[in-house]
Amino acid sequence: FHMLKTFAINWTVHFGLISHKMKVVAVAAELCIFLLSASCLLLLSSGFLLHSKPYDYSATTQCVKKPHRAQYGGGLIVNPEFDHNIKGWTVVGNGTIEERISNDGNRFIVARNRTRALDGFSQKVHLKKGLIYIFSAWLQLSEGSEIVSVVFKTNGSELVHGGHVIANHGCWSLLKGGIVANFSRHVEILFEIENPTVELRADSVSLQPFTRKQWRSHQDDSVERVRKSRVRFQITHPNETALEGATIVIKQTRADFPFGCAMNHYILTNSEYQKWFVSRFKYTTFTNEMKWYSTEIVQGHENYTIPDAMLQFSKENGIFVRGHNILWDSPNRQPHWDLTLSPEELRVAADKRMNSVVSRYKGQVIAWDVVNENVHFHFFEDKLGKNVSAEYYLAAYRLDPNTEMFMNEYNTIEICGDKNASPTNYLRKLKQIQQFPGIDGISLAIGLQAHFPNRAPNLAYMRSGLDLLAATGLPIWLTEVSVNAQPKQAEYFEDVLREGFSHPAVKGIIMFVGPEQAGFDSTLLADANFKNTAAGDVVDKLIREWGTGPQTAIADSRGIIDISLYYGDYDVTVTHPLTHYSKTLNISVRKGFSLETVHVKMDD
């Protein structure tokens with residue numbers, strides 16, 4: 001690839017009047033002839049050269065002694081590992097750039113004598129509208145610890161953030177992010193660091209483009225690996241000879257992957273809402289009814305009547321409930337009366353709330369959002385000390401030790417411009433909690449709200465963020481998915497749901513959406529007459545696709561049916577082709593269920 005890239009650069013130099021498309025096509029063709037290799041399979045698309053590459057989900061949150069090799073060989077980046085000094089890189093703003101070589105022979109670029117946030121090194125690349133670009137780089141500072149961001153400078157002055165990392169002195173940190181191009185033009189890749197006094201160092205820089213088709217193929221490949229298993233049905237006569245033509249109908253009775261929807265108090269009084277919900281979902285989160293400001297409107301007067309009734313309805317219908325939430329770190333989401341309490345009074349009230357709600361629903365919920373949005377906000381930390389979040393996670397665990405404790409946050413994967421809640425800041429807060437004495441061994445989990453704003457989702461940023469968070473080894477849920485964009489709401493909603501479902505680290509998805517009659521208004525799934533909206537059609541389609549709909553297959557001449565099934569429980573009905581005698585069995589398909597054979601002996 002680097003050979004081709006160098007050749008393309010030289011071709012451009014010597015034949016500057018030839019169109020960009022002609023250059024790339026001619027270069028690709030000449031190099032393929034030169035290599036005479038079947039491995040030189042390239043996608044020549046409108047002047048852009050794209051390898052049909054699998055996606056690299058790898059990431060690390062560790063600061064390492066030596067940077068890893070550039071992902072995808074650097075992709076579009078010229079001289080990504082600085083084997084050719086600083087060729088392809090230019091200085092931006094004030095300061096100077098240079099190549100350095102470490103004691104172990106590693107080559108990297110350095111920006112020194114900086115005076116402004118964007119001063120440093122840069123490279124120009126051409127982005128094509130509609131392509132998805134994954135960016136990665138290894139970064140280091142001459143001293144201290146700072147957030148470094150990759151920035152795409154477009155259209156002369158517009159700056160689009162594509163990812164963030166906390167870089168350190170003495171080791172290398174991975175920045176992974178990306179951009180979805182909604183334009184075709186040259187952009188300048190910059191690095192932003194607010195402290196202008198430190199040297200910035202970079203190595204193994206990569207920008208890899210993917211088409212939408214390739215991106216979807218990554219999702220499909222991942223789903224086959226992490227959500228499904230191959231099952232073989234061997235159907236025979238009583239004498240164990242193959243029964244050709246037997247029909248099986250397979251219907252999933254319970255999905256292994258939790259895919260659910262928010263629920264509110266209208267479920268208690270609206271029978272149509274009840275039917276709509278129960279026919280689709282087995283997992284839920286109550287939107288507001290379990291929150292502190294709902295259960296203790298007046299200090300000292302707790303009222304759990306509504307969440308109790310909603311939990312009972314859920315139990316009766318086999319619906320699992322997430323506990324949302326114990327405390328909320330935003331000052332705007334408190335019971336109004338606790339804002340005027342002294343620190344001592346607030347601690348007593350918060351401790352009472354913790355013991356009250358967790359003890360009441362112990363063992364009845366599958367998760368707790370412990371201190372909601374405590375990456376963005378710090379109401380309790382400001383009042384009660386910097387370690388109070390960790391104290392509350394530990395307290396919740398001690399009250400309900402068999403339930404996962406979630407750190408639930410917004411904008412971590414939705415908006416790349418929100419540094420406050422970026423994956424790297426999320427991980428910093430998570431690490432603070434994990435390092436608190438006594439936390440070891442508790443069931444921590446990552447909750448990502450996934451409220452996407454009124455624009456196309458940056459799927460590159462979403463996936464790379466999930467990659468980084470997955471490096472913790474903790475389970476990840478998308479806890480409150482919604483998409484506000486119009487007029488392409490349904491399309492973007494499906495993009496987000498597919499991205500979440502296909503990512504290997506995501507263990508569950510709850511949508512904060514619903515029908516109009518239940519008061520939902522941002523992402524409606526059904527109108528006032530419970531007729532599906534376009535977004536509702538997307539959800540029903542995905543429910544069917546992800547395994548709940550019946551599948552029919554016919555045995556071959558060997559009496560065999562091979563089929564790929566999503567993890568879950570199934571009712572299987574096998575019917576004899578001549579006598580129409582049927583036999584029903586139940587199977588469970590789980591992770592590690594690799595081409596298991598289910599033997600079915602039919603009576604003639």
Side-chain angles (χ1 to χ4, degrees), residues 1-3 5-6 9 56-123 125 134-151 162-177 189-208 423-424 427-428 431 435 464 467-468 471-472:
F1 179 74
H2 291 299
M3 206 175 158
K5 188 160 56 180
T6 303
I9 293 168
D56 186 349
Y57 286 95
S58 67
T60 180
T61 60
Q62 302 299 313
C63 199
V64 300
K65 183 178 180 180
K66 187 174 182 179
H68 299 180
R69 299 299 300 269
Q71 290 189 328
Y72 312 105
L76 298 180
I77 299 297
V78 175
N79 194 20
E81 296 179 346
F82 305 97
D83 296 324
H84 306 287
N85 205 292
I86 58 172
K87 181 179 180 181
W89 296 88
T90 58
V91 66
V92 176
N94 299 321
T96 58
I97 63 174
E98 63 189 24
E99 182 192 49
R100 288 189 193 161
I101 304 175
S102 64
N103 292 334
D104 59 3
N106 182 57
R107 297 173 180 270
F108 55 94
I109 194 170
V110 178
R112 57 186 178 86
N113 300 326
R114 302 171 51 255
T115 61
R116 295 173 297 184
L118 289 171
D119 287 352
F121 36 78
S122 74
Q123 187 168 137
V125 296
I134 286 289
F135 179 86
S136 62
W138 290 86
L139 300 170
Q140 185 186 91
L141 303 179
S142 59
E143 59 182 275
S145 175
E146 303 280 349
I147 293 180
V148 181
S149 306
V150 62
V151 179
H164 318 273
V165 70
I166 298 174
N168 299 281
H169 169 65
C171 56
W172 295 88
S173 300
L174 174 66
L175 189 159
K176 193 172 186 182
I189 300 173
L190 309 173
F191 294 89
E192 180 183 64
I193 175 172
E194 295 299 330
N195 183 352
T197 65
V198 299
E199 288 184 356
L200 176 61
R201 304 163 182 172
D203 198 2
S204 299
V205 185
S206 174
L207 184 68
Q208 177 63 35
T424 193
L427 290 166
R428 177 160 56 181
K431 187 176 181 180
Q435 291 176 339
S464 60
D467 295 345
L468 290 164
T472 64

Novice: If we check side chain to side chain contact (heavy atoms under 4.5 Å, CB included) with Val91, which of these qualifies: Ile97, Thr96, Ile86?
Specialist: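 It is Ile97, the one option of Ile97, Thr96, Ile86 that forms the side chain to side chain contact (heavy atoms under 4.5 Å, CB included) with Val91.
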
Novice: Heavy atoms only: give me the nearest Lys176-Leu468 pair and the separation to one decimal.
Specialist: O-CD1, 3.7 Å

Novice: After noting the C-alpha distance and the side-chain angles of Val205 and Phe135, does the key distance pass the side chain to side chain contact (heavy atoms under 4.5 Å, CB included) rule?
Specialist: CA-CA 8 Å; Val205 185; Phe135 179 86; 3.7 Å; yes

Novice: Could you pull out the closest heavy-atom pair between Pro196 and Arg116, with the gap in Å?
Specialist: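 Between these two residues, the closest heavy atoms are CB-N, 3.7 Å.
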
Novice: How about Leu141 and Leu200: do any of their side-chain heavy atoms sit closer than 4.5 Å?
Specialist: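 Counting from C-beta outward, Leu141 and Leu200 do come under 4.5 Å.
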
Novice: Looking only at heavy atoms, what is the nearest atom pair of Ala167 and Ser173, with distance?
Specialist: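 Here Ala167 and Ser173 meet closest at CA-OG, 4.1 Å.
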
Novice: Quick one: does Gln208's side chain get under 4.5 Å of Asp56's, heavy atoms only?
Specialist: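 Result no, sub-4.5 Å side-chain heavy-atom pair not found.
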
Novice: Can you list the steps and then say if Ile189 with Trp89 is a side chain to side chain contact (heavy atoms under 4.5 Å, CB included)?
Specialist: CA-CA 10 Å; Ile189 300 173; Trp89 296 88; 5.8 Å; no

Novice: Might you point out which heavy atoms bring Val125 and Leu207 nearest each other, and give the distance in Å?
Specialist: CG2-CD2, 3.7 Å

Novice: Just wondering, more than 12 heavy atoms not from Arg100 lying within 6.0 Å of its CZ?
Specialist: yes

Novice: Give me the atom names and distance for the closest heavy-atom approach of Arg107 to Phe82.
Specialist: CD-O, 3.3 Å

Novice: Are any non-hydrogen side-chain atoms of Ser206 and Ser136 less than 4.5 angstrom apart?
Specialist: yes

Novice: If every non-hydrogen atom of Trp138 is compared with every non-hydrogen atom of Ser204, which pair is closest and at what distance?
Specialist: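 Heavy-atom minimum between the residues: CD1-CB, 3.7 Å.
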
Novice: Is the CD atom of Glu98 crowded by more than 12 outside heavy atoms at less than 6.0 Å?
Specialist: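 For Glu98, atom CD is crowded (more than 12 foreign heavy atoms under 6.0 Å).
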
Novice: Classify the side-chain pair Gln71/Ser58 by whether it contains a donor and acceptor separated by less than 3.5 Å.
Specialist: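 Distance-only check passes for Gln71 and Ser58.
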
Novice: For Asn94, does its backbone N or O pair with a side-chain atom of Asn113 as donor and acceptor, under 3.5 Å?
Specialist: no

